[in-house]
Amino acid sequence: MIQLTFPDGSIREYEAGISGLDVAKSISEGLARNVLSVSFNGQTQDTGLPIETNGTIVFNTWNEDEGKSTFWHSSAHLFAEAVEALYPGVKFGIGPAIDQGFYYDIDLGEESLSLDDLPAIEKKMLELARQKNEYVRKEVSKADAIKYFEEKGDEYKLELIDGLEDGQITFYTQGGFTDLCKGPHIPNTGSIKAVKLLKVAGAYWRGDEKRKMLTRVYGISFPKQKELTQHLALLEEAKKRDHRKLGAELELFMFSDRVGAGLPIWLPKGQAIRERLQKFLKDEQEKRGYKMVTTPHIGKKELYVTSGHYAKYGEDSFQPIKTPKDNEEFLLKPMNCPHHCEIFNNRPHSYKELPIRIAEFGTVYRYEQSGELHGLSRVRGFTQDDAHIFCTRDQLKEEFLNVLDLTKVVLDKMGFYEFTAQISLRDPATPEKYLGSTENWDAAEQAIIDATEEVGLKTVTEIGEAAFYGPKLDFMIKDAIGRSWQLGTIQVDYNLPERFELEYIGSDNQSHRPVMIHRAPFGSMERFMSILIEHTAGKFPLWLTPEQFVVIPVSEVFNDYGQSVVNELAKKDITGKVDFRNETIGKKIREAEMQKIPIMLIIGEKEQEEKAVSVRMQGKGDIGSMTLGEFVEFFEVEKEKGE
RNA sequence: GCCGGCAUAGCUCAGUUGGCCAGAGCAGCUGAUUUGUAAUCAGCGGGUCGGGGGUUCGAAUCCCUCUGCCGGCUCCA
């Protein structure tokens with residue numbers, strides 16, 4: 001007999017060799033029907049596999065991430081089966097589950113796939129799913145595995161097998177399709193009730209741009225049709241919120257082919273928001289001892305040779321600008337930090353001055369590959385809400401906490417209440433990728449870990465994601481429709497102080513090297529705006545929105561009163577304008593609604609007599625009439641709500 | 001950069017297998033209308049069919065090339 005511990009802590013006894021499915025059955029029929037895979041001692045496996053020893057067992061159903069992942073992985077196999085049935089002779093790369101669904105890479109040979117071909121594959125998948133074919137696991141020897149795929153002529157699977165150890169190779173077969181796969185899989189195809197293939201795209205074999213481009217098909221599947229419908233509705237919603245669409249509609253920013261790809265141009269309304277964001281951050285930073293600076297947009301090439309960026313990125317950057325006579329070379333600045341290091345170097349520093357916090361909304365230029373450009377979230381010219389903190393090693397943790405606090409204030413203000421922090425550490429296996437001593441790296445990584453623990457931040461740790469000069473902490477936020485984005489970043493750097501020979505005089509009258517922290521709570525104004533637009537769907541909170549209200553007179557007779565309302569409100573720092581156009585009020589309201597102006601003030605004879613306004617809120621409709629004084633109070637309350 | 005797709009008026013889109021002066025709605029302009037909570041009516045103007053080259057008696061439509069955009073891949077100091 002073996003003892004199995006369940007998630008609730010209870011323990012039950014079973015015969016050794018019992019399958020996960022039978023354990024589930026012993027609990028309830030419903031569970032047995034819904035279990036997709038089991039996690040035994042933290043290892044996910046098929047429900048049909050025997051359990052031989054004592055341990056903990058977790059049942060993964062659709063409600064668990066593990067369950068979804070198993071379900072989607074099995075769906076990828078079903079997809080491959082359908083593709084093979086419709087396109088005989090194709091070869092397969094890999095087909096994993098991802099966050100939202102699955103994909104499979106296919107070598108179609110002479111064939112090609114377009115979006116129009118997908119419905120036929122979906123249909124085939126559902127047809128095969130209804131056969132309720134079991135996913136049958138089989139352990140095979142390496143020799144047999146090679147033999148199978150040699151006969152099939154699938155060099156991709158052979159290459160995968162090449163990297164596996166004999167004795168650890170398994171095949172899974174469902175219906176007429178067999179795949180190299182370590183599993184686990186759901187019991188049978190019958191639970192896959194709804195399928196949608198979403199995208200066709202190219203993907204390099206093994207992510208290597210020198211190797212063959214395969215056709216990747218992305219899809220998602222569900223145990224219920226209703227869930228697919230909901231998912232598609234969510235995708236629809238995301239499309240509506242697309243910042244590129246809203247940015248154009250609300251006239252926040254634009255691009256111009258003549259100016260160049262990836263070079264955003266901020267229009268007056270976008271700029272108004274941008275300035276309010278910057279003012280907010282500047283005020284918060286001033287409270288925390290930051291000093292603003294301005295540095296030029298270009299710098300001598302040697303500056304970046306010194307910083308190490310030239311060696312690392314020089315080839316892939318905008319190339320140097322040359323002066324006409326002396327042939328000096330200048331680079332568009334890709335970063336602000338070398339300039340800020342020179343500010344630190346401007347004069348000697350005592351330990352008593354530290355930490356020194358230098359902030360700049362610094363516009364930088366980076367050559368992003370043409371295929372990378374995407375709205376405001378990936379551009380070639382952008383403004384970082386940058387700052388560099390120069391401190392002693394002993395101050396590192398406290399400064400880190402200070403930055404964490406600032407970041408939290410910023411996220412709260414913006415309405416991002418759900419976030420995690422990702423700690424990116426170096427990969428000890430590839431030390432050649434990193435600059436600086438092991439000792440310094442250890443200390444920096446420890447400072448980040450300690451600080452996040454001290455404030456009880458929810459964190460995930462990623463090995464190998466560190467920057468080349470130091471470990472970092474990135475904030476991952478969840479937006480209003482549940483998507484994750486990476487926002488601000490905090491990075492510890494021992495490297496630049498070394499390269500720029502930064503020094504301060506300690507209490508011992510000796511020279512010491514300061515530590516540097518790079519940080520940007522927004523990340524960049526451009527990227528942050530893109531996320532904010534999609535998070536709010538263009539309905540910015542009152543304190544941020546470029547036009548807080550519009551006055552709509554019912555006829556031009558009341559234009560003068562309308563202007564006096566605007567003037568009165570301007571005194572209270574409430575900004576808006578009168579819509580003087582000769583249009584019906586229905587039309588003016590419609591346009592204000594579509595422009596997402598939060599407040600419409602309709603005025604006519606009654607309002608003029610009573611020094612009042614009739615208030616309509618965007619998306620909510622008419623909320624009644626109030627005097628101007630009452631409106632100012634109402635506005636302040638609404639503004640607080642939005643914060 | 002790579003693979004695939006797309007590019008018609010300011011915007012959203014029609015334009016059948018190459019064939020008369022390339023269309024619609026919205027926006028714009030002019031005029032009428034003076035409006036009470038999501039589109040008032042009428043008239044008018046507007047397009048080198050993304051740029052360049054080619055095939056053809058004839059190209060928005062077919063081919064090449066450049067630019068830009070979209071979906072991915074790779075990359076992201």
Side-chain angles (χ1 to χ4, degrees), chain A residues 103 105 108 112-116 198-218 242 244-245 248-249 255-262 304 307-314 316-317 333-338 364-375 377-380 382 384 386 435 465-470 472 486 489 491 493 495-496 518 520 523-524 527 552-559 581-595 600-607 614-625:
Chain A
Y103 68 79
D105 287 346
L108 289 153
S112 70
L113 264 188
S114 78
L115 280 175
D116 301 334
L198 297 160
K199 290 172 204 161
V200 184
Y204 302 113
W205 170 237
R206 309 211 112 175
D208 181 346
E209 61 182 301
K210 290 181 190 68
R211 307 200 60 178
K212 187 159 182 182
M213 174 81 61
L214 304 178
T215 302
R216 177 171 295 181
V217 177
Y218 286 86
D242 191 321
R244 293 167 300 185
K245 184 171 166 280
E249 281 172 9
F255 289 91
S256 151
D257 291 1
R258 282 219 181 98
V259 172
Y304 297 98
S307 73
H309 292 108
Y310 192 78
K312 184 101 181 153
Y313 296 100
D316 304 319
S317 294
K333 77 172 163 185
M335 310 210 66
N336 304 301
C337 31
V364 298
Y365 299 89
R366 297 178 184 176
Y367 176 76
E368 302 288 354
Q369 300 186 79
S370 61
E372 297 311 325
L373 303 174
H374 182 93
S377 37
R378 195 77 186 269
V379 290
R380 286 178 172 163
F382 57 96
Q384 295 178 313
D386 212 358
L435 296 174
E465 290 292 309
F468 72 90
Y469 52 76
K472 56 182 184 176
Q486 185 193 315
T489 182
Q491 310 179 352
D493 189 349
N495 174 53
L496 277 186
H518 311 243
S524 81
R527 187 177 156 75
I552 302 177
V554 297
S555 100
E556 65 190 16
V557 176
F558 308 106
N559 282 352
R581 293 173 310 157
N582 178 13
E583 296 289 351
T584 59
I585 74 156
K587 179 150 183 162
K588 291 181 187 179
I589 285 171
R590 180 180 155 80
E591 286 182 7
E593 288 277 348
M594 290 198 304
Q595 282 292 308
M600 287 149 267
L601 302 176
I602 288 88
I603 53 161
E605 190 170 2
K606 203 169 101 227
E607 285 76 15
S614 171
V615 181
R616 180 187 168 102
M617 300 284 283
Q618 201 270 346
K620 298 193 187 94
D622 188 2
I623 61 164
S625 183

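Lettering follows sequence order; numbering is per chain, from 1.
Nucleotides B:U61 and B:U8 are separated by 11 Å at their C1' atoms, to the nearest Å. Atom name P, nucleotides B:A59 and B:G51: the rounded distance is 15 Å, in whole Å. Spacing of C1' atoms, B:G45 relative to B:G28, comes out at 9 Å, to the nearest Å. For the P atoms, the distance linking B:A27 with B:C21 amounts to 31 Å, nearest Å. The separation of B:G50 from B:G10, taken at their P atoms, amounts to 12 Å, rounded to a whole angstrom.
Each of B:A38, B:G36, B:U34 was ranked by its minimum atom distance to the side chain of A:Ser555; first place goes to B:U34. For A:Ser370, whose side chain is taken as the heavy atoms from C-beta onward, the closest listed nucleotide among B:G1, B:G36, B:U34 is B:G1.
Among the atoms of the strands shown, none is found under 4.0 Å from any heavy atom of A:Glu249. Counting any heavy atom pair closer than 4.0 Å across all strands shown, A:Arg244 reaches sugar-phosphate atoms only and no base atom.
Not counting sequence neighbours, the partners of A:Lys212 by the side-chain contact (heavy atoms from CB on, under 4.5 Å) test are A:Asp107, A:Tyr156, A:Leu214.
Taking both residues in full, the closest heavy atoms of A:Gly375 and A:Phe255 are given as O-CZ, 3.3 Å, listed atom of the first, atom of the second, then distance.
Pairing partner, B:C20: none, since no Watson-Crick or wobble contact has both distances short of 3.5 Å.
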Subject >> Reading 5' to 3' through nucleotides 72-77 of chain B, protein heavy-atom contacts under 4.0 Å coded B for base, S for sugar-phosphate only, - for none >> reply: BBBBBB
Run the side-chain donor-acceptor check on residues 614-622 of chain A: report pairs under 3.5 Å with partners two or more places apart or on a different chain.
from: A:Arg616; atom 1: NE; to: A:Glu593; atom 2: OE2; distance (Å): 2.9
from: A:Arg616; atom 1: NH2; to: A:Glu593; atom 2: OE2; distance (Å): 3.0
from: A:Gln618; atom 1: NE2; to: A:Glu593; atom 2: O; distance (Å): 3.0
from: A:Asp622; atom 1: OD1; to: A:Gly624; atom 2: N; distance (Å): 2.9

